[in-house]
Participant: 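After the C-alpha cells below, expect a handful of questions from me.
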There are 2 protein chains.
Amino acid sequence: MREPHHPSCDELELSAVLHALSDPARLEIVRWLAKGDECTCGMFDLGLSKPTLSHHFRVLREAGVVRTRPDGRKRMLSLRDEELEGRFPGLLVAVLSADRERDGAPAA
Amino acid sequence: MREPHHPSCDELELSAVLHALSDPARLEIVRWLAKGDECTCGMFDLGLSKPTLSHHFRVLREAGVVRTRPDGRKRMLSLRDEELEGRFPGLLVAVLSADRERDGAPAA
DNA sequence: CCTCCGCTTCGACATCCATCGAACGGTCGC
DNA sequence: GCGACCGTTCGATGGATGTCGAAGCGGAGG
C-alpha cells in the first residue's frame, strides 16, 4: 500500500484549507481527530458511504489538514496540527474552539 | 434602498464562514476590507463582472463576514470583525495573518 | 493459496457554485 | 421629470462537488 501524496507546508494554500474545513462532514472528522485519537478510516460513523468518506479524507489530505499512514490493511489518520500551526498560526485552534459552541447546537 | 438581511451573531455558522472565506476572490475582498477602509462595491478591481462581485458580497454578507450599509446610491462595505471575533475568537485574525504570507506568492 | 477485510478508484448522477450579459430598481444631479 | 450612476436580480451555462454502488487492490489469516 503506497503512501499517498501529502503536500509540504510550503505548498499549503489557505483557500484549500478553508474549503476543506467548510464541509460539515470534514469538520466533524477534524473535530474527531483533534481529540487526539489516531483513527482508522472505518471508525467514522457520519452516515456516509465508504467512498464518500474516502473522498473527504482525500480532500483533507490534499489540503494538508490530515496525514495518512498505512498500517497493514488499515490507514491511520492524524491531524497535521503542528504543521498547520506553523503555516497558518492560530487557524486550526480558532476553528476547533469556535466549533465547541456548535453552530446551530446551543439549543439547550 | 432597503437594508439587506444580516445574520445575527448567534446565527453565524462556522461552515458558512469558512466557505465564504474559501474563495480567493472573497478572500481578497476581506483582505481589502481588513485594511480598515470602508469600501463601496465598485472599488474592487478583481477582474470580475459586477454581477459576480455582487454575488460574492452576498455570500460574505449572508455568512456574516461583512456588513452592507446603504449610502445614497452607493453601498458601503465593512468587515464585521468584532462580531466575528466574538463568535469565532481568533478565526478572522488567523485567516488574515495567514494570508500575509500569500498562498502561492512566496515565489521570491 | 484462497478468502476476507479495509480502503480506494471508477463511473454515474444530482446538486451546487462561480461566472457572465441583460434587464431592473433606487438615488442623485440637472 | 429625465438621464446617469451604482448596484442588484434574473436567466443561463460550464465546471466543481458530494454522493453512491460496484469493482479493484493490497495485506492478513487460515
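Quick note on labels: first sequence line is chain A, next is B, and so on, each numbered from 1.
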Participant: Side chain of Arg73(B): nearest nucleotide among dC7(C), dC28(C), dT19(C)?
Facilitator: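 When the side chain of Arg73(B) is considered, dC28(C) is the closest of dC7(C), dC28(C), dT19(C).
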Participant: Is any side-chain heavy atom of Phe44(B) less than 4.5 Å from a side-chain heavy atom of Leu77(B)?
Facilitator: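 Counting from C-beta outward, Phe44(B) and Leu77(B) do come under 4.5 Å.
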Participant: Just call it for Leu53(B): base, sugar-phosphate, or nothing, with non-hydrogen atoms closer than 4.0 Å on any strand.
Facilitator: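 Here Leu53(B) touches no strand at all.
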Participant: Ignoring backbone atoms, establish whether Thr52(B) has a side-chain N or O less than 4.0 Å from OP1 or OP2 of dT19(C).
Facilitator: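 For dT19(C), OP1/OP2 do not have a side-chain N/O of Thr52(B) under 4.0 Å.
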Participant: OP1 or OP2 of dG7(D) versus the side-chain N and O atoms of His55(B): is any pair under 4.0 Å?
Facilitator: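 Answer is no, no contact under 4.0 Å.
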Participant: Evaluate the side-chain contact (heavy atoms from CB on, under 4.5 Å) criterion for residues Val30(B) and Leu92(B): first the C-alpha distance (whole Å), next the side-chain angles of each, then the deciding distance (0.1 Å), finally the verdict.
Facilitator: CA-CA 9 Å; Val30(B) 170; Leu92(B) 187 60; 4.1 Å; yes
Participant: Could you check how far CG of Leu46(A) sits from P of dT19(D), rounded to whole Å?
Facilitator: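 Result: 10 Å.
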Participant: Do Trp32(A) and Leu84(A) belong to the same hydrophobic cluster, where Ile, Leu, Val, Met, Phe, Trp and Tyr are linked whenever their side-chain heavy atoms lie under 4.5 Å apart, directly or via other members?
Facilitator: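 Per the 4.5 Å side-chain linkage, Trp32(A) and Leu84(A) are co-clustered.
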Participant: What is the distance, to the nearest angstrom, from the CZ atom on Arg69(B) to the C1' atom on dG7(D)?
Facilitator: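 Spelled out: CZ on Arg69(B) to C1' on dG7(D) is 15 Å.
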Participant: Given atom NZ of Lys74(B) and atom P of dG29(C), what is their separation to the nearest angstrom?
Facilitator: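 After rounding, the gap between these two atoms is 10 Å.
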Participant: How close or far is atom P of dC17(C) from atom CG of Leu21(B), stated in whole angstroms?
Facilitator: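 For the pair Leu21(B) CG and dC17(C) P, the rounded distance is 15 Å.
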Participant: Specify the separation, in whole Å, of atom NE2 of His19(A) and atom C1' of dG15(D).
Facilitator: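 After rounding, the gap between these two atoms is 13 Å.
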Participant: Closest approach to the side chain of Asp23(A), judged atom by atom: which nucleotide of dC20(C), dG18(D), dC10(C) is it?
Facilitator: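 From the listed options, dG18(D) comes nearest.
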Participant: Consider the side chain of Thr40(B), meaning its heavy atoms from C-beta on, and name the nucleotide among dG7(D), dG21(C), dC20(D) that approaches it most closely.
Facilitator: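 Comparing dG7(D), dG21(C), dC20(D) against the side chain of Thr40(B), the answer is dG7(D).
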Participant: Is there a side-chain contact between His56(B) and the phosphate of dT19(C), meaning an N or O under 4.0 Å from OP1 or OP2?
Facilitator: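 Answer is yes, contact under 4.0 Å.
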Participant: To the side chain of Phe57(A), which of dT8(C), dG18(D), dG21(C) is closest?
Facilitator: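 The answer is dT8(C).
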Participant: Could you tell me the separation between the NE2 atom of His5(A) and the P atom of dT9(C), rounded to a whole number of Å?
Facilitator: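 It is 14 Å, rounded to the nearest whole Å.
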Participant: What distance separates Leu96(A) CG from Leu91(B) CG, expressed to the nearest 0.5 Å?
Facilitator: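 It is 11.0 Å, given to the nearest 0.5 Å.
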Participant: Output the rounded distance in Å from CZ (Arg58(B)) to P (dC16(C)).
Facilitator: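 After rounding, the gap between these two atoms is 14 Å.
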Participant: Taking CZ from Arg75(B) and P from dC28(C), how many angstroms apart are they, rounded to a whole number?
Facilitator: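 To the nearest whole Å, that distance equals 13 Å.
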Participant: Of the nucleotides dC7(C), dT8(D), dT19(D), which one has an atom closest to the side chain of Leu48(A)?
Facilitator: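 So the nucleotide nearest the side chain must be dT19(D).
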Participant: What I'd like to find out is whether the side chain of Arg67(A) reaches to under 4.5 Å of the side chain of Met76(A), using heavy atoms alone.
Facilitator: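 In short, these two side chains do not touch, never coming nearer than 4.5 Å.
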Participant: Within the structure shown, what part of the strands sits under 4.0 Å from Arg61(B) by heavy-atom distance: base, sugar-phosphate, or nothing?
Facilitator: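 Counting heavy atoms under 4.0 Å across all strands, no contact is made by Arg61(B).
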